[in-house]
**Q** 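One structure, as structure tokens, below. Some questions next.
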Amino acid sequence: MGGPSYTSGVSGRRFSGVIGTDHGRVDLTGRPLVMGVLNVTPDSFSDGGDYFSAEAAAGRAAELVEEGADIIDVGGESTRPGSEPVDSAEQMRRVIPAIEAVRRVSESVPISIDTRLAPVARAALDAGADLINDTTALGDDQEMAELAARRRVPVVLMHMLGRPATMQQSPQYDDVVERVCSFLRERVAAAVAAGVDRRRIIVDPGIGFGKTTEHNLGLIRRLDELLELGQPVLLGPSRKRFIGQVLGIDEPKRRQWGTAAVVAYVAMAGVHIVRVHDVPAMRQVVAMCWALRQGT
Ligand code: HH2
């Protein structure tokens with residue numbers, strides 16, 4: 001098992017390269033990667049309770065591998081608007097068996113741990129996870145940056161305005177894209193100062209985290225400005241409320257076509273990773289977009 005490695009560089013300002021992990025490569029030189037969501041929670045906004053038991057989570061883990069997820073993102077705390085924090089012991093109880101279940105069926109799929117707490121991330125890495133996906137951009141737990149630096153793992157830094165309990169109470173920005181870009185620039189610098197290798201830092205504008213529908217649409221339309229940060233960009237639009245608002249669809253699981261439209265739009269614009277619930281369908285979308293882009 002090799003340690004993390006990095007090849008290639010930035011073409012224009014858009015990142016292009018390969019990030020090595022202990023369980024396979026995160027190859028960001030080709031088509032956008034599909035990160036499949038595994039929520040081991042009773043209350044996630046679209047699939048809460050579906051995979052909450054250890055058996056259901058293990059079954060879903062095997063399914064995501066079978067469906068060809070490029071990365072599997074395991075989380076034990078819902079961050080939906082209005083959600084309350086879940087402590088580290090409970091998060092670990094939820095996510096560790098799920099990570100072990102993924103590892104039983106695949107040694108080569110990279111796993112990310114979706115948490116803001118360092119003890120959870122540490123236990124997850126020990127159980128076979130490879131990346132840290134922190135929706136607070138290493139901001140909630142001061143030990144997170146040091147952990148990422150010491151373990152030499154890729155990290156996702158996401159923008160959020162406020163915290164889930166209150167973030168959708170009239171979020172306001174002068175210019176949402178400028179604000180998100182400057183926040184991410186700042187958090188990348190802080191992570192680098194803490195010893196994280198810049199080439200292992202992925203950024204994410206945090207669709208739905210303290211943003212109105214117009215803010216989310218603006219961030220998606222102006223993805224090129226996020227790509228100019230020179231870091232890989234991840235986007236998590238899957239089934240989210242802004243899609244429901246545009247389409248007038250209340251049930252999150254019925255928002256798959258709207259999700260596909262967003263995934264196609266950002267795939268054409270050069271996004272590196274999409275975080276989604278419906279892996280087979282979104283794999284088709286990104287593969288088709290990639291084929292179309294080869295002619296440009
Ligand atoms: N969105 C959710 C959770 N984690 N991580 C990143 N990096 N980017 C995202 O957009 C993102 C995320 C929310 O979606 P979901 O996990 O389906 O719901 P819940 O938070 O209710 O579990």
Side-chain angles (χ1 to χ4, degrees), residues 26 32-52 57 60 64 69 71-86 90-91 94-95 98 110-117 120-121 124 129 131-140 144 148 154-161 163-165 167-168 180 183-184 187-188 191 201-211 215-216 219-220 223 226 231-244 251-253 255-256 259 262-263 266 271-279 282:
V26 178
L33 300 185
V34 174
M35 172 186 268
V37 178
L38 177 47
N39 281 326
V40 192
T41 59
D43 57 346
S44 286
F45 80 95
S46 84
D47 54 1
D50 288 0
Y51 313 114
F52 192 43
R60 181 61 180 151
L64 285 167
I71 303 171
I72 296 179
D73 188 43
V74 181
E77 176 184 55
S78 172
T79 47
R80 75 182 192 289
S83 60
E84 293 296 332
V86 175
E90 177 60 15
Q91 284 194 39
R94 296 176 181 183
V95 298
I111 299 172
S112 69
I113 172 66
D114 185 346
T115 189
R116 58 194 169 77
L117 301 177
V120 180
L131 295 81
I132 298 172
N133 173 22
D134 186 347
T135 56
T136 71
L138 312 180
D140 259 19
M144 200 64 129
V155 289
V156 179
L157 305 182
M158 196 197 80
H159 174 270
M160 173 174 0
L161 182 69
R163 283 296 172 259
M167 67 189 177
Q168 288 306 107
V180 168
F183 170 86
L184 291 174
R187 296 312 297 161
V188 169
I201 302 176
I202 298 162
V203 297
D204 179 343
I207 294 298
F209 288 86
K211 284 132 193 146
H215 294 143
N216 291 314
L219 283 161
I220 290 164
L223 192 80
L226 286 150
Q231 304 298 138
V233 174
L234 182 151
L235 199 87
S238 192
R239 302 178 177 173
K240 284 186 177 165
R241 189 182 302 181
F242 77 107
I243 295 173
E251 167 51 42
K253 284 180 179 157
R255 296 173 184 161
Q256 72 274 37
T259 301
V262 176
V263 168
V266 296
V271 81
H272 296 83
I273 305 172
V274 287
R275 180 184 182 277
V276 297
H277 301 86
D278 305 298
V279 168
M282 300 311 148

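These numbers come from a predicted model, not from an experiment. Note that ligands are numbered from 1 as they come in the structure, with each ligand's atoms numbered from 1 the same way.
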**Q** Kindly identify the option in H277, R80, R275, M160 whose heavy atom sits closest to atom 16 (O) of ligand 1.
**A** R275
**Q** Quick check against the 3.5 Å criterion: does R275 have a side-chain atom that pairs as donor or acceptor with the backbone of G236?
**A** no
**Q** Any idea which protein heavy atom is nearest atom 21 (O) of ligand 1, and the distance to it?
**A** S78 OG, 2.7 Å
**Q** Atoms of ligand 1 less than 4.0 Å from M158 heavy atoms?
**A** 6 (C), 8 (N), 9 (C)
**Q** Before signing off on this row, confirm whether D114 and ligand 1 have an N or O atom pair separated by under 3.5 Å.
**A** yes
**Q** By number and element, which atoms of ligand 1 are closer than 4.0 Å to a non-hydrogen atom of G236?
**A** 10 (O)
**Q** Dump the intermediate steps for side chain to side chain donor-acceptor pair (under 3.5 Å) on D134 and T136, then the final yes or no.
**A** CA-CA 5 Å; D134 186 347; T136 71; 2.8 Å; yes
**Q** I'd like to check whether D204 has a polar contact with ligand 1, where a contact means an N/O of the residue lying under 3.5 Å from an N/O of the ligand.
**A** yes
**Q** Hey, could you give me the CD1/CG distance between I72 and L38, rounded to the nearest 0.5 Å?
**A** 7.0 Å
**Q** Distance check, rounded to the nearest 0.5 Å: I201 atom CD1 versus Q231 atom CD?
**A** 5.5 Å
**Q** One thing to verify: whether R116 and E77 come together as a salt bridge, which I'm taking to mean a side-chain N less than 4.0 angstrom from a carboxylate O.
**A** yes
**Q** For atom 15 (P) of ligand 1, which candidate among N39, I207, D47 holds the nearest heavy atom?
**A** N39
**Q** Quick one: look up the protein heavy atom nearest atom 5 (N) of ligand 1 and list residue, atom name and how far away it is.
**A** N133 ND2, 3.2 Å
**Q** Applying a 4.0 Å heavy-atom criterion (strictly less than), which segment of L235 is in contact with ligand 1: side chain, backbone, both, or neither?
**A** neither
**Q** From T79 OG1 over to D43 CG, what is the distance, rounded to the nearest 0.5 angstrom?
**A** 9.5 Å
**Q** Do any N/O atoms on K240 end up under 3.5 angstrom from N/O atoms on ligand 1?
**A** yes
**Q** Which ligand 1 atoms does T135 reach within 4.0 Å, using its non-hydrogen atoms?
**A** 4 (N), 5 (N), 12 (C)
**Q** Heavy-atom count check: over 12 atoms from other residues, nucleotides or ligands less than 6.0 Å from R80 CZ?
**A** yes
**Q** Give the residue, atom name and distance (to 0.1 Å) of the protein heavy atom nearest atom 18 (O) of ligand 1.
**A** F45 CD2, 3.2 Å
**Q** Looking at ligand 1, is there an atom of it that comes within less than 4.0 Å of some heavy atom belonging to V156?
**A** yes
**Q** Atom CE in M35, atom NE2 in H272: separation rounded to 0.5 Å?
**A** 13.5 Å
**Q** Which residue supplies the protein heavy atom nearest to atom 22 (O) of ligand 1, what is that atom called, and how far is it?
**A** S44 OG, 2.4 Å
**Q** Roughly how far, to the nearest 0.5 Å, is the NE2 atom of H277 from the CG atom of L64?
**A** 10.0 Å
